Amino acid sequence: MRTEGRHPGRAETARAARGGRRLLALPLLGLLLAGCGIRSTEVPTDFGPAPSRVRCSLSEPGAASQASRGLAVQVFLLCGSSLVAVDRTLRVPDGTADSERRVLVAQGLLDQLAEAPSTAEREAGYATYVRGGTTVGGPRQGDPEDTLRLSTPPAELSAYSLAQLVCTFSDSAAAEGDGSVILGGPATAPLRRYECTDEVRSRPGSEQPPSSEVTGG
């Protein structure tokens, strides 16, 4: 009896052909995905560009390099929730008497505080609450010699503005250098001696500069 070999049917032949085509298509699909820059197994990690400048950090010339252009001073600007010292320069004529020099320095500091921060300072988060147009004068008859009288009474200034002024003045040639400054307004209201403390520098919006009434000249 002759046994004939079994030949594959049409259905089996078709399935084999389709399977071969799928195997050939997989490498082609991989090449297409790679060409498009798509990787299906990776998770995107692009969260935007990194900050261009660290907050409250400046990369500008320091006081030493600025001193050649004038008197090196510092003013206190607001950054975040604290007061931070920033370098500035002032022009004071040589030979100016001490009493006049004190007022010139105070007015220069006041003008610097009222000036809008530079682009670099704004990008780093600095701001000022001192308004322009305010002037400062020296003592009247009967005032202590280091008195500074503002055209706007200190009591009418905002908490931030007063803190900026007190800390800037008290740490400059406009005051006696003991961490305090005597301020008054244009009227005859009692003078007050203000102090710039660590608490004021850390929380200028909630911590008022400590002050006491000045009773004698």
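Residue indices begin at 1 and follow the sequence shown. Hydrogens, waters and symmetry mates are skipped; everything else that's a heavy atom, side chains included, is used. A quick note: this is a predicted structure, and the numbers were derived from the prediction, not measured.
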Taking all heavy atoms of Ser170 and all of Ala175, pick out the closest pair and write down the distance.
CA-CB, 4.1 Å

Applying side-chain hydrogen bond (donor to acceptor under 3.5 Å, both in side chains), name anything that partners Thr128, two or more places apart in sequence or on another chain.
Gln164

Could you pull out every donor-acceptor pair under 3.5 Å between side chains of residues 94-102 and any protein atom, sequence neighbours left out?
unit_1	atom_1	unit_2	atom_2	d
Thr96	OG1	Pro93	O	2.6
Arg102	NH1	Glu145	O	3.2
Arg102	NH2	Glu176	OE2	3.2

Taking transitive links into account, so neighbours of neighbours count too, which hydrophobic residues share a cluster with Val200 at under 4.5 Å side-chain distance?
none

Sequence neighbours left out, what passes side-chain hydrogen bond (donor to acceptor under 3.5 Å, both in side chains) with Arg131? Give chain and number order.
none

Any sub-3.5 Å donor-acceptor pair from Arg88's side-chain atoms to Val73's backbone N or O?
no

Disulfide (SG to SG under 2.5 Å): pairs with one or both residues in residues 139-176, sequence neighbours excluded:
Cys167-Cys196

With side chain to side chain contact (heavy atoms under 4.5 Å, CB included) as the test, pick out the partner of Pro154 among Val166, Leu148, Leu183.
Leu183

Would you mind listing every ring-ring contact (aromatic ring centres under 6.0 Å, His included) that reaches into residues 171-190, with sequence neighbours excluded?
none

Considering only residues two or more places apart or on different chains, which pairs with a residue in residues 81-111 satisfy ring-ring contact (aromatic ring centres under 6.0 Å, His included)?
none

Look at the side-chain heavy atoms of Ile, Leu, Val, Met, Phe, Trp and Tyr, link any pair under 4.5 Å apart, and say whether Val105 and Phe169 land in one connected group.
yes

Do any pairs count as a ring-ring contact (aromatic ring centres under 6.0 Å, His included) and have a residue in residues 174-206, sequence neighbours left out, and if so which ones?
none

Can you list every salt bridge (Lys or Arg N to Asp or Glu O under 4.0 Å) pair that touches residues 191-201, not counting sequence neighbours?
Asp178-Arg193, Asp198-Arg201

Tyr129: which residues meet the ring-ring contact (aromatic ring centres under 6.0 Å, His included) condition with it, sequence neighbours left out?
Tyr160

Under the side-chain hydrogen bond (donor to acceptor under 3.5 Å, both in side chains) test, residues paired with Asp111 that sit two or more places apart
Gln107

Does one hydrophobic cluster hold both Leu71 and Val181, with members joined at side-chain heavy-atom distances below 4.5 Å?
yes

Provide the full list of disulfide (SG to SG under 2.5 Å) pairs with a residue in residues 81-125, sequence neighbours left out, each pair given once.
none

